[in-house]
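One-based numbering, in listed order, for ligands and for the atoms of each. No hydrogens, no waters, no symmetry mates; every other heavy atom, side chains included, goes into these values.
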Amino acid sequence: MSVVLDFSNVMTENVGTAHGLSIAEIEALLGKGREVLDDLRQKAENETLGFYKLPFQEETISEIKTYATGARKRFENYVHIGIGGSALGPIALQTSLLDSYYNLSKTPKMFFPDNVDPDWIHDLLKHIDASKTLFHVVSKSGATAETAATMLYFMKYLKDGLGENFYKNLLFTTDPVQGLLNEIARQYPIKCFRIPPNVGGRFSVLSPVGLVSAAISGIDIDALLKGAREMAEICNRDNLMENPAFLYAAIHFLYMKKNKNISVMMPYSNKLRDLADWYRQLWAESLGKRYNVKGELVETGQTPVKALGATDQHSQVQLYVEGPNDKVITFLEVGQFEHSEALDNYFPEIDEFNYLKDKTLGELLNAEKKATELALTNNERPNLTLRFDRVSAENIGAFFFLLEAATAFAGGLLEINAFDQPGVEQGKIATYALMGRKGYETKRKEILQQLEQKKTFVVS
Ligand code: PA5
């Protein structure tokens with residue numbers, strides 16, 4: 001495993017004193033960082049913080065592998081029904097580690113409809129036969145409206161195809177005891193994988209939430225967890241100046257204090273692009289909090305933005321280089337791409353193409369990354385690089401663990417609870433009320449009244 005954090009370009013020596021950090025500033029956080037590390041270790045030990053243990057779950061892994069081997073033989077398609085933390089990690093695993101056009105030539109074909117756009121969902125049904133499809137419903141709470149509705153939508157087709165045997169094509173991943181999926185599973189013999197109660201949605205990618213679909217599509221989940229285990233050790237280093245989780249958190253914490261409230265993640269790799277999507281949720285939901293742990297109003301957080309190199313050099317980089325200096329940019333860089341065919345100049349009369357002769361696309365992509373990094377640094381825009389020696393299951397596992405640990409560290413430094421999401425719950429409750437769910441009648445009345453009183457400003 002080799003995932004390295006290069007933070008040279010946040011240091012004053014490279015990015016200048018106005019927008020750089022000094023070693024002394026980072027070192028001033030070591031005392032607090034030490035307390036946070038002790039607290040995280042204790043929470044991992046007493047099992048209040050479950051994601052630390054996920055890379056070590058041997059029993060679940062062998063159960064997942066056995067199930068996946070059977071599923072690969074039985075099903076032509078796999079449909080993953082979940083949203084947020086129950087979808088973004090699984091999607092990032094597929095896009096980073098499978099052939100980019102996997103579904104064109106391999107089975108089971110993998111689909112991740114993580115939104116309730118009826119046209120989008122319906123389009124999928126034109127291409128799959130429900131009776132030859134495994135529907136994996138993933139919901140920690142077992143109640144999320146989008147997940148429940150998508151499951152019910154597909155159920156019609158499952159029932160039409162399989163009648164009373166519909167449950168044979170269902171798989172649930174949910175809490176060990178609570179929630180509506182468990183109520184269904186008590187009535188029908190549906191296979192269930194469990195999300196440990198002490199693992200929150202956005203920290204669950206290395207649980208069955210992400211591992212089941214990964215194993216079904218043929219990803220090496222042993223390698224994934226091996227990488228995560230190695231990174232877990234690195235993120236547990238006592239010497240915090242050599243602990244990348246602490247450093248990532250400390251750097252972002254210091255910049256938040258300097259009003260750099262945007263964290264851009266910019267992979268220079270299409271395969272890694274959905275890692276930025278996963279990070280967007282992790283960083284936003286974990287750190288975007290109104291109150292700190294003492295109950296004081298803090299309204300803290302950093303807005304995560306995803307960009308893709310080199311594509312977004314032609315869309316976003318102008319803003320990053322010359323616009324407001326309010327961002328910290330993290331590049332994801334791949335040392336060695338799997339394919340490295342050299343280019344030739346098939347138009348020798350065009351001398352201007354000759355600089356590309358004998359170069360690979362990977363060389364060009366990495367030169368573009370270097371160029372963007374230089375442009376940012378020369379314009380005093382702090383940036384970091386997470387460098388993968390290559391795109392591999394081990395490195396992806398390490399990346400997930402590193403950013404989860406960094407998020408936990410950042411929550412500790414900010415003195416907020418990084419593991420709840422009261423803002424998301426508000427939206428969930430309002431949705432239930434608007435859709436007329438039992439038990440939400442008072443909330444519904446309240447909302448309808450509010451909507452009635454709303455002053456409308458519309459133009460057409
Ligand atoms: O991180 C979280 O907790 C959320 O994003 C959840 O994953 C998301 O809301 C889906 O919840 P559930 O898995 O309970 O359906």
Side-chain angles (χ1 to χ4, degrees), residues 48-52 54 79-93 112-116 121 135-154 170-185 190 192-213 274-290 301-304 306 400-401 403-408 410-411 416-435 437 440:
T48 47
L49 198 54
F51 83 86
Y52 271 92
L54 292 178
V79 173
H80 188 102
I81 304 173
I83 197 164
S86 291
L88 293 166
I91 293 170
L93 276 169
F112 294 78
D114 67 337
N115 200 0
V116 282
I121 302 256
F135 293 90
H136 183 195
V137 187
V138 183
S139 176
K140 171 101 188 280
S141 62
T144 303
E146 296 88 338
T147 305
T150 309
M151 173 179 74
L152 295 177
Y153 192 91
F154 285 125
L170 282 174
L171 169 68
F172 290 169
T173 291
T174 190
D175 182 88
V177 189
Q178 287 172 22
L180 304 177
L181 292 182
N182 279 313
E183 276 184 38
I184 301 172
I190 295 170
C192 293
F193 283 102
R194 302 303 179 182
I195 309 172
N198 56 7
V199 174
R202 57 194 174 274
F203 291 85
S204 68
V205 58
L206 299 176
S207 78
V209 169
L211 297 180
V212 172
S213 50
D274 290 334
L275 293 183
D277 220 6
W278 169 84
Y279 168 74
R280 204 162 61 109
Q281 185 213 9
L282 181 74
W283 204 245
E285 272 190 13
S286 303
L287 305 183
K289 296 291 152 70
R290 176 169 294 149
Q302 207 179 26
T303 304
K306 55 175 181 164
F400 282 133
F401 195 93
L403 271 303
E404 286 173 358
T407 303
I416 49 119
N417 181 353
F419 306 102
D420 65 358
Q421 54 284 326
V424 180
E425 305 306 335
Q426 279 179 35
K428 283 189 177 183
I429 289 166
T431 303
Y432 295 146
L434 282 167
M435 294 295 286
R437 184 173 169 184
Y440 293 82

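Comment: D274 does not engage K306 in a salt bridge, judged by the lack of any side-chain N to carboxylate O separation of less than 4.0 angstrom.
Taking the six-membered ring for Trp and thresholds of 30 and 60 degrees, Y52 and F401 have ring planes more than 60 degrees apart, a perpendicular arrangement.
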Discussion item. Before you tell me yes or no, could you show the steps for H136 and I81 under side chain to side chain contact (heavy atoms under 4.5 Å, CB included), namely the whole-Å CA-CA distance, both residues' side-chain angles and the distance that decides it to 0.1 Å?
Written reply: CA-CA 6 Å; H136 183 195; I81 304 173; over 6 Å; no
Discussion item. Does F193 form a side chain to side chain contact (heavy atoms under 4.5 Å, CB included) with L171? I'd like the steps, not just the answer.
Written reply: CA-CA 8 Å; F193 283 102; L171 169 68; 3.7 Å; yes
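Under a 4.0 angstrom heavy-atom cut-off, Q281 registers as being in contact with ligand 1.
For the pair N198 and T48, the tightest heavy-atom approach, listed with the atom from each and the gap, is CB-O, 3.8 Å. The nearest pair of heavy atoms linking P113 to H80 is CD-O, 3.2 Å.
Without hydrogens or angle criteria, K140 side chain to V199 main chain gives a donor-acceptor distance under 3.5 Å.
Remark: ligand 1 and T147 share no N or O pair separated by less than 3.5 Å (distance only, no angle test).
Ranking the protein heavy atoms by distance from atom 9 (O) of ligand 1 puts K428 NZ, 3.2 Å first. Scanning all protein heavy atoms for the shortest distance to atom 12 (P) of ligand 1 gives T144 OG1, 3.3 Å. Among all protein heavy atoms, the one lying closest to atom 1 (O) of ligand 1 is R202 N, 2.9 Å. Ranking protein heavy atoms by distance to atom 4 (C) of ligand 1, first place goes to E285 OE1, 3.5 Å. Looking at atom 8 (C) of ligand 1, its nearest protein heavy atom turns out to be I83 O, 3.7 Å.
Counting heavy atoms only, G85 comes closest to atom 7 (O) of ligand 1 of the residues G200, G427, G85.
Counting the atoms of ligand 1 from 1 in the order shown, those under 4.0 Å from a heavy atom of Q421 are 3 (O). Less than 4.0 angstrom separates some heavy atom of S139 from each of these atoms of ligand 1: 12 (P), 13 (O), 14 (O), 15 (O). Contact atoms of ligand 1 toward K140: 12 (P), 13 (O), 14 (O) (distance under 4.0 Å to a heavy atom of the residue).
Shown here is Q178, whose CD atom has no more than 12 heavy atoms of other residues, nucleotides or ligands within 6.0 Å.
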